[in-house]
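Only heavy atoms go into these numbers, but all of them, side chains included; no hydrogens, no water, no symmetry mates.
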Amino acid sequence: MEPDKPKMEFRVAARRIDAHGSTASCKDAAITLDTDLAGRRDAFNPAELLLAALAACMIKGIERVVPLLKFRLTGVEVRLHGVRQDVPPKMESIRYEIVVDTHEDDRRLALLHDNVRKFGTVFNTVAPGTDLAGTMRRRVDDAVGSIA
C-alpha cells in the first residue's frame with residue numbers, strides 16, 4: 001500500500017488597480033485582468049481567463065503524456081468558443097478544437113484526445129457544469145516534422 005501522496009496546492013493573489021483593471025500574480029508571474037465594467041481590449045476578462053485556463057490545461061496534458069505514449073508532434077493549437085447564459089450567469093457551453101502537428105495515425109490521435117479528457121484538472125472541473133465538447137485533429141501540412 002502506497003503512503004498518501006500529498007495533494008497539489010495552488011495560490012493566486014489578485015488586486016484591484018482601479019475601476020479599469022486588476023492584476024493577478026503567482027510565483028514570478030503577473031497578468032492584467034479586465035475587470036472594467038465597460039471591458040478592455042488589452043486584458044482577458046474572467047470568461048476568457050476560464051477559456052485560457054482550459055486551453056493551458058489541454059496543452060499541458062498533452063505535454064505530460066507525449067513522452068509516455070511516445071507520441072511524435074511538433075506543435076499544438078487549441079481554439080475555444082464559449083457561450084454564456086445570463087440567468088443564472090454561467091458558461092453554458094464550450095466547444096474546442098485541438099489541432100496537432102503530427103503524422104501519427106487516427107488511433108493514436110484518439111488516444112491522445114482521451115488522455116486530455118480524462119486527466120485534465122481544469123477540464124474535469126469545468127466539464128460537470130458545462131456542455132463541454134470538442135475535437136482533436138491533425139494539421140494537414142507536409143512541413144510537419146517528427147520530433148517528440
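Of all heavy-atom pairs between T125 and T121, the closest is OG1-O, 2.7 Å. The shortest heavy-atom contact between R64 and P67 is O-CD, 3.5 Å. Heavy-atom minimum distance, Q85 versus V87: NE2-O, 3.4 Å.
Side-chain contact check for R40 versus T32: some heavy-atom pair is nearer than 4.5 Å. Side-chain atoms of N115 and L69, non-hydrogen and from C-beta on, do get closer than 4.5 Å to each other.
Both V65 and F123 sit in one connected hydrophobic cluster of ILVMFWY residues. Membership requires side-chain heavy atoms under 4.5 Å apart, directly or through other members. The hydrophobic cluster containing I59 also contains L111, counting ILVMFWY residues as joined when their side-chain heavy atoms lie under 4.5 angstrom apart, directly or transitively. No single ILVMFWY cluster, assembled from side-chain heavy atoms under 4.5 Å apart, contains both F71 and V99.
The line from CG of N124 to CZ of F119 is 9.0 Å long, rounded to the nearest 0.5 Å. The structure places OG1 of T102 at 8.5 Å from CZ of R72, a figure rounded to the nearest 0.5 Å. Put simply, CD1 on I98 and CD on E77 are 11.0 Å apart, with the number rounded to the nearest 0.5 Å. If you take CZ on R95 and NE2 on H81, they are separated by 10.0 Å, rounding to the nearest 0.5 Å.
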Validation: residues 19-29 side-chain donor-acceptor distances under 3.5 Å, sequence neighbours left out:
residue, atom, partner, partner atom, Å
H20, ND1, D36, OD2, 2.6
S22, OG, T35, OG1, 2.9

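D114 meets the side chain to side chain donor-acceptor pair (under 3.5 Å) test with R117; sequence neighbours excluded. Here D105 pairs with nothing under the side chain to side chain donor-acceptor pair (under 3.5 Å) rule; sequence neighbours left out. For R16, there are no side chain to side chain donor-acceptor pair (under 3.5 Å) partners two or more places apart in sequence or in a different chain. Looking at residues two or more places apart in sequence or on another chain, you find a side chain to side chain donor-acceptor pair (under 3.5 Å) between E48 and N45.
We find that R41 and D34 are not joined by a salt bridge, their nearest charged nitrogen and carboxylate oxygen being 4.0 Å or further apart. For D86 and R84, the salt-bridge test passes: some basic side-chain N is under 4.0 Å from an acidic carboxylate O. A salt bridge is absent between E104 and R138: the closest approach of a Lys/Arg side-chain nitrogen to an acidic carboxylate oxygen does not fall below 4.0 angstrom.
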* Applying side-chain contact (heavy atoms from CB on, under 4.5 Å), run through L73 and D101 and close with a yes or a no. => CA-CA 5 Å; L73 60 81; D101 299 326; 5.6 Å; no
* **Chi angles and distances behind the side-chain contact (heavy atoms from CB on, under 4.5 Å) call for I62, M136** => CA-CA 11 Å; I62 289 169; M136 178 179 282; 4.0 Å; yes
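Sparse packing is recorded around NZ of K60, with 12 or fewer heavy atoms of other residues, nucleotides or ligands lying under 6.0 Å away. No more than 12 heavy atoms of other residues, nucleotides or ligands sit less than 6.0 Å from atom CG of L37.
A side-chain contact (heavy atoms from CB on, under 4.5 Å) with L80 holds for exactly one of L54, L132, L50; it is L54.
In this structure, I31 belongs to a hydrophobic cluster whose other members, linked by side-chain heavy atoms under 4.5 Å apart, are L33, F44, L49.
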